[in-house]
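These notes concern the structure reproduced below.
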There are 2 protein chains.
Amino acid sequence: MSSKKPSIPKGTRDFSPKELVKRNYLKQHLIAAFENYGFQTIETPSFERSETLMGKYGQEGDRLIFKILNSGDKVKSADLKAFEEGNLSQFSNSLSEKALRYDLTVPFARYVAQHQNEIQFPFRRYQIQTVWRADRPQHGRFQEFLQCDADVVGEPSIWQEIEAILLYDQVFSDLNLDGVTIHLNHRKLLAGIAKLIGVESKLIEFTVALDKLDKIGQQGVIDELTVKGFSSDAIDRLNPILELDGSFDSQLKTITEILNENDVAQEGLEELSFINEYFKANTLKKIKVDLDVTLARGLNYYTGLILEVAPPAEVKMGSIGGGGRYDNLTDLFGLKNTSGFGISFGFDRIYLVLEELNLFPKTLANQPRFLFLNFGEETAACSFEYLMKLRREGIVSEFYPTDSKLKKQFIYANQRSIPFVIMIGSEEFKNQEFILKEMDTGAQSQYPLKELIQKIKEIL
Amino acid sequence: MSSKKPSIPKGTRDFSPKELVKRNYLKQHLIAAFENYGFQTIETPSFERSETLMGKYGQEGDRLIFKILNSGDKVKSADLKAFEEGNLSQFSNSLSEKALRYDLTVPFARYVAQHQNEIQFPFRRYQIQTVWRADRPQHGRFQEFLQCDADVVGEPSIWQEIEAILLYDQVFSDLNLDGVTIHLNHRKLLAGIAKLIGVESKLIEFTVALDKLDKIGQQGVIDELTVKGFSSDAIDRLNPILELDGSFDSQLKTITEILNENDVAQEGLEELSFINEYFKANTLKKIKVDLDVTLARGLNYYTGLILEVAPPAEVKMGSIGGGGRYDNLTDLFGLKNTSGFGISFGFDRIYLVLEELNLFPKTLANQPRFLFLNFGEETAACSFEYLMKLRREGIVSEFYPTDSKLKKQFIYANQRSIPFVIMIGSEEFKNQEFILKEMDTGAQSQYPLKELIQKIKEIL
């Protein structure tokens with residue numbers, strides 16, 4: 001028995017019914033759109049064998065993976081020598097064989113490789129599950145959060161890129177969210193630019209610096225490239241590209257001219273052009289697409305089109321989604337030649353956007369509509385009987401379980417936002433009547449008990 | 001890059017789309033019934049502070065809690081002295097401050113105590129979340145599985161026991177599952193029996209032995225009690241009780257006579273009698289209730305009515321649900337006087353029962369109904385255009401992403417059980433027509449392209 005105030009670990013959250021009603025509204029919209037597009041869902045275990053996860057997210061990622069301590073006597077395997085030598089990560093690894101899911105992408109690749117003989121390719125899967133990261137908790141960053149991914153693997157086709165953009169459009173218009181922009185780029189176009197300015201051998205350093213343009217500005221990128229030893233000649237050639245602006249169409253024209261003879265960039269240019277033409281001919285409902293030749297995305301497994309989803313300009317927030325084409329992801333688990341295209345929705349951030357813009361509908365839950373008050377033994381069974389009749393009609397209702405003071409029962413109805421209260425006291429019971437009270441207005445009327453169901457159906 | 005066949009930890013599961021369609025069918029039925037009864041959902045974090053969980057499930061339970069290894073440098077806190085002295089559990093505790101949820105009850109009690117000022121009591125909550133146990137994996141026993149609980153806390157009332165039984169009835173009739181029996185007993189009746197036979201001071205040993213009646217039989221229980229030092233006089237008085245049989249009504253009459261003057265048992269007898277009378281007057285749709293005065297249930301926090309749900313007799317399986325009244329659970333976290341009644345549904349077992357009795361509906365998923373075949377560049381855009389028109393009508397459809405051999409595309413349609421295929425080849429495109437093929441019969445017909453949506457709506 002602890003007398004301390006109970007609490008939860010930093011970076012985790014309890015979700016109250018009120019929050020979950022909204023979270024489930026968002027989740028249901030995502031699921032409906034995924035299924036409308038023919039995606040099927042899978043679930044993978046919360047923890048994977050350590051070797052499945054370790055080494056897949058870079059050094060920083062490895063550090064952020066939650067490890068599960070071996071159970072019982074298995075901690076005997078502790079590598080004390082490593083501990084004494086200060087090699088704490090080796091010591092940790094000797095104590096753990098399993099680790100919590102860090103994202104959905106690596107477990108998905110593992111799933112596809114492991115079940116390749118049961119899967120029908122092209123495999124369209126969506127997955128909405130929790131992931132865990134041992135990040136330092138801070139405002140808006142959690143150690144446990146939901147990821148929502150949709151991927152299709154097995155048959156590469158530019159139509160998948162188009163579908164993904166249309167899927168975003170579907171979701172955001174279902175959610176009544178205006179002003180979302182999808183920024184597109186292509187890894188092969190980035191490689192072409194790197195070749196153009198003569199830094200082909202330093203492609204990763206180049207894209208890492210480029211990725212920071214939003215945060216540190218053009219001069220910041222130039223400074224970083226200079227520090228990293230890029231020549232001033234290369235930087236001079238890069239500058240006009242960093243300054244590209246205007247519509248998808250016009251930017252694409254310009255960059256196509258710049259990369260005219262560039263063999264590395266051609267496939268990227270063709271795919272971007274296909275997408276551009278498609279969306280010139282077919283209007284999107286809510287979102288916009290544009291070209292951002294400086295978009296790089298941190299993850300190095302991308303090989304083709306990449307995209308990032310920006311929230312409406314009036315909301316100050318980072319991207320609310322992203323994705324791209326990857327050609328070699330399942331190679332990690334021994335399955336080659338399985339190109340895929342995947343996108344993800346930033347659940348918590350989209351939730352915050354909807355909250356900030358007041359886009360959650362007012363009435364959402366399967367909220368109880370009627371509360372039968374409790375007037376004690378004499379009439380309780382009668383109230384309970386009608387309660388059950390309403391429930392059988394699918395009308396969500398409650399019966400106050402004890403004959404507490406009526407004031408307390410009314411407070412409960414108010415706090416739960418139950419719009420109507422039904423009263424069958426001893427007087428009403430004797431006359432076979434009931435009183436219906438509307439909580440908002442306080443208006444109340446009396447009706448014959450046998451008309452209860454009918455009256456209530458009239459109200460609804 | 002590992003070349004080993006990828007796999008998941010023992011005791012965990014990947015869920016395929018086919019399994020999840022059925023699991024979600026079951027989950028949706030549970031949620032619908034919970035919400036119809038006015039229960040609201042909460043979610044708690046996957047891991048809790050160790051002190052929240054440890055010591056709440058007995059010594060055996062503690063051993064089965066998965067601990068999360070401290071991250072990064074925090075493993076420096078390793079208690080090497082404990083390790084060297086062979087005190088492995090102290091060593092483990094020195095490496096971990098968080099642990100994975102072992103059930104939903106303790107986190108719920110923690111939630112109620114922590115958020116008592118935001119909660120409207122009586123608080124009706126349901127919770128469907130994963131729990132983890134470091135149990136030795138074996139057939140049908142997993143280290144990660146779903147629990148589904150509904151509890152109401154804050155205002156004790158026998159109507160809650162009645163509601164819980166009706167809720168089980170609702171769920172199992174929604175699932176078309178016949179033959180479920182709920183066995184009832186009451187902790188206070190057990191205490192009365194213990195007093196009657198003079199073993200009041202050994203109540204826990206008595207109930208532990210009794211709980212094994214199903215497994216070891218009457219003689220087994222008697223042997224165990226004898227070993228534990230119960231007198232032959234006590235056992236003689238117990239025997240007629242072990243042999244009680246017949247209807248709820250007749251058993252209750254007999255045990256009421258036996259415990260006639262027994263003050264400890266009276267409240268239990270009254271509550272059981274109230275329930276018996278209610279279900280004599282109000283017929284249950286699918287399930288039966290009966291009295292089992294030997295039912296004990298392992299968990300010691302129960303203080304009133306207890307129940308266990310048995311699957312249909314033709315299915316060989318343990319209980320598929322259970323619950324009971326507890327008066328002091330939130331005391332653990334400093335909140336007194338908060339009686340509750342809770343029930344749980346054994347998700348995996350109910351799934352297996354439905355599977356075994358073939359009770360999952362044939363068509364369940366948001367399965368794609370139409371697959372547009374891909375005949376290459378010339379007609380792909382046209383097929384894609386109609387695909388999107390169908391999707392906007394809410395008709396789940398797919399477009400094969402590449403112009404692979406038609407045979408391969410047909411195999412895909414077959415394997416995914418997509419009932420109709422739509423073909424717009426170059427000939428059809430020229431004539432502005434399409435071919436609709438029913439996969440089951442092989443029948444195919446040709447129609448004008450502009451009638452596509454209308455034709456398809458006719459089919460559905």
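Chain identifiers are assigned alphabetically (A, B, ...) following the order of the sequence lines, protein sequences preceding nucleic acid strands; residue numbering begins at 1 within each chain. Note: hydrogens, waters and symmetry copies are ignored here, and every other heavy atom, side chains too, is used. Remember, predicted model here, so these are calculated numbers, not experimental data.
- Heavy atoms of A:F47 lying under 4.5 Å from chain B belong to its backbone as well as its side chain.
- Between B:Y126 and B:F39, the distance from one ring center to the other does not fall under 6.0 angstrom.
- Only the side chain of B:R124 comes within contact range of chain A, with at least one heavy atom under 4.5 Å from a heavy atom of that chain.
- Neither the backbone nor the side chain of B:K56 comes within contact range of chain A; no heavy atom of the residue lies under 4.5 Å from a heavy atom of that chain.
- Using a 4.5 Å cut-off between heavy atoms, A:R49 contacts chain B through both its backbone and its side chain.
- A distance of 6.0 Å or more separates the ring centres of B:W159 and B:F341.
- In this structure A:E48 satisfies the salt bridge (charged side-chain N to carboxylate O under 4.0 Å, His left out) test together with A:R110, sequence neighbours excluded.
- The part of A:I395 that comes within reach of chain B is its backbone (N, CA, C, O), which places non-hydrogen atoms under 4.5 angstrom from that chain.
- Atom CD of B:E118 has more than 12 neighbouring heavy atoms from other residues, nucleotides or ligands inside a 6.0 Å radius.
- Your options are B:N70, B:T402, B:T44, and the one with the most heavy-atom pairs under 4.5 Å with chain A is B:T402.
- For chain B, the option among A:G394, A:P122, A:A134, A:P368 with the highest count of heavy-atom pairs below 4.5 Å is A:P122.
- With sequence neighbours excluded, no residue forms a ring-ring contact (aromatic ring centres under 6.0 Å, His included) with A:F15.
- For chain B, the nearby parts of A:S7 are the backbone and the side chain; heavy atoms of each come within less than 4.5 Å.
- For chain A, the nearby part of B:Q160 is the side chain; its heavy atoms alone come within less than 4.5 Å.
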